[in-house]
Amino acid sequence: MSELVKIFDTTLRDGEQSPGATMNVAEKVRVAEQLEKLNVDIIEAGFPISSEGDFEAVKEIAKKIRRSQVAALARTDRLDIERAWEAVKFAKSPRIHTFIATSDIHLKYKLRMTRKEVLNAAVKAVRYAKTLCENVEFSAEDATRSDVDFLITVIEAAVRAGATTINIPDTVGYAIPSEFGSFIRTIQQKAQGIEKVTLSIHCHNDLGLAVANSVAAIQNGARQVECTINGIGERAGNTSLEEVVMAIRTRNDLLRFHTHVIPKHLFATSRLVSKITGMVVQPNKAIVGANAFAHESGIHQDGILKEKLTYEIMTPESVGIHKTSIVLGKLSGRHAFRERVRELGYRLSEEDLELAFNRFKKLADKKREIYDEDIESIVVEEILRMPKRFKLVYLNVVAGNVTVPTATVQMEVDGGLIQGAGFGDGPVDATFKTIKKITRTKSKLLQFAINAITSGTEAQGEVTVRLEEKGQIVIGQGADTDVIVASAKAYINALNKMEFKKQKLTGM
Ligand SMILES: [Zn+2]
């Protein structure tokens, strides 16, 4: 039997710290359900003290998830730990994850604490967490830039205080694989009591080495990997879950380990996280990118046709990528729609189902073939997104090469109707300027991109916009067969996210 490597997913905590990737409670619960289907061992659901929204999300996820463990993050303060426990205690298998930095750089400039004070804080926090929850993880933030002897002292003390998992984060993404591997080996060999707990790692991708560092750590004794879907996270992101899982699986000849993850759910999970966060996956992304299994050169195509093994080390089917097939059309009824929504993993109330079905009917009038991607887009937009302040009611745009582009927009703002018209350089510009004017918002448009959800000219256009206001960045998305309508929806979704996003604390 090969050894188990536990997969600790932090898409909902570290992943959400990606600039713009804010998710609301309903969206987070949906991602958590999908992560459970993917069969990750631990879901880090959030950092409860950081905001009211995070607290609610962790609580809801804890109540819903039954198979995976649910973890909540806390600094070493008593209040943080209490708040984390208040949210996560509803879980069938809860975990408190507490952290403090151990590097001199962080001690001196950020914490303004001595090594002795940090050691005491760590011990006190783990002891206190242990009185609430059997399952306690301790992380030494910025471990890779810490003095290794001091780090080992803190680890040993945390283990004695009752920690069941010890996590070594490369918080700033500074490590090199061979160096990180021997660092983990040193801890594994020298820290007393470490054999009684799970040794974990948490890598960042600033040098593009997060997955490589994680694999090196596994080869040297780590048995838990912290990672995120699509590798999203602070700055350049975290270890990508799909990459580390498929590396272990594909190179099992060298990496004699296994995970509990069910790979055929990887692609759907990647697509869902991208759709909800608005963080588009780059085409050349390993495992889940649009080009990951596309063979361009004639020689490669010829080889693949003769024998897949020539250029394919794993199959697209193994990670859940299938050729898109038509699932529903204009004549599909409520029953077929309900079944398909359920198969995609959504559990909707009758009321929500009716709402989604109506939108599906409208789409089917314009578009003959409806794919899974279209259905998912409808559910995410109509049900999960829940526009709060701003809602689009009516949009009319006049454009072309002989007229000044003009947009007339009617919106619902805080329940009241407002309307206005304006000009622009093009139809999208006129629409955005008018929305900005009538909502009296001050956001700056940083980026605008259109993608087709599926192939074909009648496909829905999916627009992604990135807005900035006083240093806060949000990403909005909208889909429609009309790209101007999709653009308006994306812009309004971003405005709603800006409202939702409060100044939040961040973790390691
Ligand atoms: Zn991190």
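Throughout, residue positions are numbered sequentially from 1 according to the sequence presented.
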Enquirer: Can you confirm whether Asn493 sits close enough to Arg385 that some side-chain heavy atom of one is under 4.5 Å from a side-chain heavy atom of the other?
Expert: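 When only atoms from C-beta onward are counted, Arg385 and Asn493 do touch, with a gap below 4.5 Å.
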Enquirer: Using the ring of Phe55 (Phe, Tyr or Trp, six-membered ring only), decide whether Arg83 places NZ or CZ under 6.0 Å from its centre and within 45 degrees of its axis.
Expert: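 Yes, a cation-pi geometry holds between Arg83 and Phe55.
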Enquirer: Consider only side-chain N and O atoms of Lys6 and Thr259, and report whether a donor and an acceptor are under 3.5 Å apart.
Expert: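 On atom types as modelled, these side chains do not qualify, holding no pair under 3.5 Å.
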Enquirer: Output yes when Asp365 and Lys361 qualify as a salt bridge under the 4.0 Å nitrogen-oxygen rule, no when they do not.
Expert: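 Not counted as a salt bridge, because no side-chain N and carboxylate O are separated by less than 4.0 Å.
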Enquirer: How close do Ile65 and Ala32 get, counting heavy atoms only, and between which atoms?
Expert: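 Here Ile65 and Ala32 meet closest at CD1-O, 3.6 Å.
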Enquirer: To the nearest 0.5 Å, what is the distance between CG (Leu272) and CG (Leu384)?
Expert: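 Answer rounded to 0.5 Å: 8.0 Å.
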Enquirer: Could you tell me which non-hydrogen atom of Ile313 sits nearest to which non-hydrogen atom of Thr250, and how far apart they are?
Expert: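 Closest heavy-atom pair between Ile313 and Thr250: O-CG2, 3.6 Å.
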Enquirer: Which value, rounded to the nearest 0.5 Å, describes the distance between Ile450 atom CD1 and Ser487 atom OG?
Expert: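 So the CD1 of Ile450 and the OG of Ser487 are separated by 5.5 Å.
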Enquirer: Considering only NZ, NE, NH1 and NH2 on the basic side and carboxylate oxygens on the acidic side, decide whether Arg334 and Glu354 come within less than 4.0 Å.
Expert: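 Yes, charged N to carboxylate O under 4.0 Å.
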Enquirer: Is any NZ, NE, NH1 or NH2 atom of the basic residue among Arg359 and Glu382 found under 4.0 Å from an Asp or Glu carboxylate oxygen of the other?
Expert: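 Looking at Glu382 together with Arg359, the answer is yes, because their closest N to O distance falls below 4.0 Å.
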Enquirer: For Val409 and Ile435, work out which heavy atoms get closest and say how close.
Expert: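 What the structure gives for the nearest pair is CG1-CG1, 4.1 Å.
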Enquirer: Work out which heavy atom in Pro48 is nearest to a heavy atom in Ala84; give both atom names and the distance.
Expert: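 Residues Pro48 and Ala84, closest heavy atoms: CG-CA, 3.7 Å.
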Enquirer: With rounding to the nearest 0.5 angstrom, report the CD1 to OG1 distance, Ile276 to Thr11.
Expert: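 It comes to 11.0 Å.
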Enquirer: Establish, from distance only, whether the side-chain atoms of His260 and Asn39 form a donor-acceptor pair under 3.5 Å.
Expert: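 Side chains of His260 and Asn39: no pair found under 3.5 Å.
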Enquirer: Do Leu209 and Cys203 have side-chain heavy atoms sitting under 4.5 Å apart?
Expert: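 The answer is no, as the side chains (C-beta and beyond) never meet within the 4.5 Å cut-off.
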Enquirer: Does Lys285 come within less than 4.0 Å of Glu242, counting only side-chain N to carboxylate O?
Expert: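 So Lys285 pairs with Glu242 through a salt bridge.
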Enquirer: Is it true that the NZ or CZ of Arg30 lies under 6.0 Å from the centre of Tyr346's six-membered ring and within 45 degrees of the ring axis?
Expert: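 Output yes; distance and angle both within limits.
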Enquirer: Pairing donors with acceptors under 3.5 angstrom, does anything connect the side chains of Asp14 and His204?
Expert: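 Short answer, yes.
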Enquirer: Should Arg13 and Glu44 be marked as a salt bridge (charged side-chain N to carboxylate O under 4.0 Å, His left out) after you check the CA-CA gap, both sets of side-chain angles, and the distance that decides it?
Expert: CA-CA 6 Å; Arg13 203 277 300 164; Glu44 184 160 58; 3.1 Å; yes
Enquirer: Who are the side chain to side chain donor-acceptor pair (under 3.5 Å) partners of Glu82, not counting sequence neighbours?
Expert: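 Testing Glu82 for side chain to side chain donor-acceptor pair (under 3.5 Å), a comparison that skips the adjacent residues, returns Tyr128.
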Enquirer: Under a 3.5 Å distance rule, please check whether Asp77 uses its side chain to pair with a backbone N or O of Leu79 as donor and acceptor.
Expert: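 Looks like no, no N/O pair under 3.5 Å.
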Enquirer: Let's go through Asn238 and Asn205 carefully: what are the C-alpha distance in whole Å and the side-chain angles of both, what is the deciding distance for side chain to side chain contact (heavy atoms under 4.5 Å, CB included) to 0.1 Å, and is it a yes or a no?
Expert: CA-CA 6 Å; Asn238 287 68; Asn205 207 30; over 6 Å; no
Enquirer: So, Glu141 and Arg75, do they make that salt bridge, N to O below 4.0 Å?
Expert: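 No salt bridge links Glu141 with Arg75.
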Enquirer: So, Glu376 and Arg271, do they make that salt bridge, N to O below 4.0 Å?
Expert: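 A salt bridge links Glu376 with Arg271.
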Enquirer: Hydrogens and angles aside, do Gln460 and Glu462 bring a side-chain donor and acceptor to less than 3.5 Å of each other?
Expert: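 Looking only at side-chain atoms, Glu462 and Gln460 do not form any donor-acceptor pair under 3.5 Å.
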Enquirer: Run the numbers on Lys366 and Glu458 for salt bridge (charged side-chain N to carboxylate O under 4.0 Å, His left out), then give the verdict.
Expert: CA-CA 8 Å; Lys366 292 186 207 156; Glu458 60 168 28; over 6 Å; no
Enquirer: Do the side chain of Thr239 and the main chain of Cys227 share a donor and acceptor less than 3.5 angstrom apart?
Expert: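 It does not hold such a pair.
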Enquirer: What's the spacing between Leu266 CG and Ile229 CD1 if we round to 0.5 Å?
Expert: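 Between Leu266 CG and Ile229 CD1, I get 6.5 Å after rounding to 0.5 Å.
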Enquirer: State the CD1-CG distance between Ile370 and Asp374, to the nearest 0.5 angstrom.
Expert: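 That separation rounds to 5.5 Å.
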Enquirer: Step by step, work out the salt bridge (charged side-chain N to carboxylate O under 4.0 Å, His left out) result for Glu499 and Arg389.
Expert: CA-CA 8 Å; Glu499 287 292 309; Arg389 278 202 74 194; 3.4 Å; yes
Enquirer: For residues Lys437 and Ala421, report the shortest heavy-atom separation together with the two atoms involved.
Expert: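 Smallest interatomic distance, heavy atoms only, reads NZ-O, 2.6 Å.
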Enquirer: Is the shortest side-chain N to carboxylate O distance from Glu36 to Arg66 below 4.0 Å?
Expert: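 Looking at Glu36 and Arg66, the cut-off is not met.
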Enquirer: For Glu226 and Glu137, what are the C-alpha separation, side-chain angles and deciding distance, and is it a side chain to side chain contact (heavy atoms under 4.5 Å, CB included)?
Expert: CA-CA 12 Å; Glu226 303 201 354; Glu137 171 168 339; 2.5 Å; yes
Enquirer: Can you confirm whether more than 12 heavy atoms, excluding those of Arg67, are under 6.0 Å from its CZ atom?
Expert: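 More than 12 heavy atoms, drawn from other residues, nucleotides or ligands, come within 6.0 Å of this atom.
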Enquirer: Of all heavy-atom pairs between Ile475 and Ala494, which one has the smallest distance, and what is that distance?
Expert: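 Looking at all heavy atoms of both residues, the shortest contact is C-CB, 4.4 Å.
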Enquirer: Does a donor on one side chain and an acceptor on the other come within less than 3.5 Å for Thr408 and Asn396?
Expert: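 Per modelled atom types, Thr408 and Asn396 side chains form no pair under 3.5 Å.
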Enquirer: Working to the nearest 0.5 angstrom, can you tell me the gap between Glu16 CD and Asp54 CG?
Expert: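 Glu16 atom CD to Asp54 atom CG measures 5.5 Å (nearest 0.5 Å).
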Enquirer: Quick one: does Ser68's side chain get under 4.5 Å of Leu35's, heavy atoms only?
Expert: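 Counting from C-beta outward, Ser68 and Leu35 never come under 4.5 Å.
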Enquirer: Can a donor-acceptor pair be found between the side chains of Gln69 and Asn135 at a distance below 3.5 Å?
Expert: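 A donor-acceptor contact under 3.5 Å links the two side chains.
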Enquirer: Examine the side chains of Ser443 and Thr441 and answer whether a donor and an acceptor come within less than 3.5 Å of each other.
Expert: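 Side chains of Ser443 and Thr441: no pair found under 3.5 Å.
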Enquirer: Verify the neighbour count for atom NZ of Lys442: are there more than 12 heavy atoms of other residues, nucleotides or ligands below 6.0 Å?
Expert: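 Atom NZ in Lys442 is not packed in, count stays at 12 or less.
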